[in-house]
Protein chains: 2
Amino acid sequence: MNVIKAPIEILMRALLARLTHYCEIGDAERDALLALPMRERTYEPGEDVIEKGDNPAEALIVKSGWAARYISLKDGRSQILNFLLPGDFFDLQVFVTDAADHSIAAITKVTALAIPGHAMLDVFSQDNNLGLALWWATLQEEAILREQIVRNGRRDASERVAHLLLELHRRAMIIGEGDNTEFRLPVSQVLIADALGLSFVHINRVLRRFINEGLIEKDKDLIVLKDRDALIAKCDFSADYLHLDAEPPRYRLRPLAIRPSG
Amino acid sequence: MNVIKAPIEILMRALLARLTHYCEIGDAERDALLALPMRERTYEPGEDVIEKGDNPAEALIVKSGWAARYISLKDGRSQILNFLLPGDFFDLQVFVTDAADHSIAAITKVTALAIPGHAMLDVFSQDNNLGLALWWATLQEEAILREQIVRNGRRDASERVAHLLLELHRRAMIIGEGDNTEFRLPVSQVLIADALGLSFVHINRVLRRFINEGLIEKDKDLIVLKDRDALIAKCDFSADYLHLDAEPPRYRLRPLAIRPSG
DNA sequence: CACCCGCCTTAACCCAGGTTAAGGCGGCGC
DNA sequence: GCGCCGCCTTAACCTGGGTTAAGGCGGGTG
């Protein structure tokens, strides 16, 4: 590791942590990733990273900070579809689709890696393991969307809150943030409400109750899961849908081979 | 078109209609699809096509009938994630993932085409247009999931019902079922409730009201959208998320190249 | 024919969670 | 320092939609 590569490696830590969770990432893969042309972009809290209608030419990967994928209705109601943590991709569809059908906003200050679409596709299509890891990441995100539908459709308020806390705790742990009992949740109660389809007043009621019952503790954005088992029991949480234990793939995939359309 | 191909073409009509909506499908593409080794499978109403935990080796495509992707909670509550119409894929993830994290049930009698995974990947990776169409289909499904989250999270009961009716009407039209004002909706009010996160009693109340207000008419499974504009206004429906107007792709994609992992 | 079953329908009652309002607290800009 | 703003908190009140229950209707089956 030389002086030039070192800061980039730090940049890529979250991404590597994510991908490693799905597939074996060796030196060859790491070097290929590090060789990607990339720029760093930063976004302030509340700023839109991608707006509905945008058509970005770069793939963006969260390096640090939290963001939210969301859709707004005309009358001001808005729904968060999913939270994005370091290592998550903003928009894998960038290569196929015309215009984004939803927006993404930075929740905290966010730094992102911007990689030109064609360069990223080249790398991921030339390396089986990376390509596979990318597929897994996509599938995981889809599964998280599905779970979000069930959570908001068929669970009551406290089940929803418990379930979301457990998901985010688990996801934070995967990328090396937080430990077995606590993690930082830089998300206001208003945003939790927008994710769970509830009012922020009611989110407050539920969180208060969890605290009074000794299930969790809160100090600013630090959440301590004091009785994780009770939370799990309360909403019958199972982390299966996060697909954290990748099985050996049935096929080796070269997921995306591209050539310029011109 | 010869006598042997004719019945197969009929088999593939829905799939072709779907794919044609995204990309130009010429004779070459059609022939490639028709050459695929495939079997037909049938499922009875209520029967599970794929159960959570299954790990099928074939890609399944709805040929006729309606199905539903769903997740059940332990206590019997269940949530429909999405409806599957002719031309939809049951499980594109089959090639990468280990076990299905949700189930799919036939709503009506369903016939499906089963295509061995490797054969389908071959075809779709060798033909740019088909590969691209496949990507579009995947993205469309993800977008429908996102819209489902917003619908159930931030809309009230009558908005949800109106929005779902408009979506299903539009999707039925794409595949050549129904016309500008009516379509067949072979879905009981119980299932609509499970899709919209409401009780079937309330679904009935809302549908009754729509009928009394002259917005729709119903006769068995035939739904007539008598005042489509009013329905659209009621829920601010926009079909953008169905991505029906595919723009020319920025890149030409060869989406999946595989070789046996052994 | 009689019975059952799935589905639709409607009414009466009730409660989880929405809405509105008001106050507190900390950070930040002037 | 003061005022503003974002966020949290709590209380009082209200309503959309859940729950329960009961009946109807049509189709299938012995």
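What you see below is based on every heavy atom in this structure, not just the backbone, and it leaves out hydrogens, waters and symmetry mates. What you see is a predicted model; the values in this text were computed from it and never measured. Letters go in sequence order (proteins before strands), and every chain restarts at 1.
- A:Arg69 places none of its side-chain heavy atoms less than 4.5 Å from the side chain of A:Ile80.
- Between A:Ile203 atom CD1 and D:dG6 atom C1' the separation is 18 Å, expressed in whole Å.
- Ion pairing between B:Arg151 and B:Glu147 fails under the 4.0 Å rule for side-chain N and carboxylate O.
- Residue B:Arg205 has no polar side-chain atom (N or O) positioned under 4.0 Å from OP1 or OP2 of C:dT9.
- With the nearest nucleotide of DNA chain C identified for both B:Ile211 and B:Arg154, B:Ile211 has the one nearer the 5' end.
- In this structure, B:Asp221 places its CG atom 15 Å from C1' of D:dG27, rounding to the nearest Å.
- Contact annotation: B:Asn204 does not reach the phosphate of C:dC8 (side-chain N/O to OP1 or OP2, under 4.0 Å).
- Side chain of B:Lys220, nearest nucleotide from C:dT9, C:dT19, D:dG27: D:dG27.
- Rounded to the nearest 0.5 Å, atoms CG (B:Leu81) and CG (B:Leu145) are 6.5 Å apart.
- Atom CD1 in A:Ile216 sits about 12 Å away from atom P in D:dC8, given to the nearest Å.
- We find that CG of B:Asn212 is positioned 10 Å from P of C:dT9, with the value rounded to whole Å.
- If you check C:dG17, C:dC8, C:dT10 against the side chain of A:Asp156, the one that comes closest is C:dG17.
- An OP1 or OP2 oxygen of C:dG6 is reached within less than 4.0 angstrom by no side-chain nitrogen or oxygen of B:Gln189.
- Rounding to whole angstrom units, NE2 of residue B:His202 and P of D:dG16 are separated by 9 Å.
- Whole-Å rounding puts the A:Phe200 CZ to C:dT19 P distance at 10 Å.
- Using a cutoff of 4.0 Å between basic side-chain nitrogens and carboxylate oxygens, A:Arg39 and A:Glu58 are not scored as salt-bridged.
- Of the candidate nucleotides C:dC7, C:dT19, C:dG17, C:dG17 has the atom nearest to the side chain of A:Ala157.
- The CZ atom of A:Arg77 sits 13 Å away from the P atom of C:dG18 (whole-angstrom rounding).
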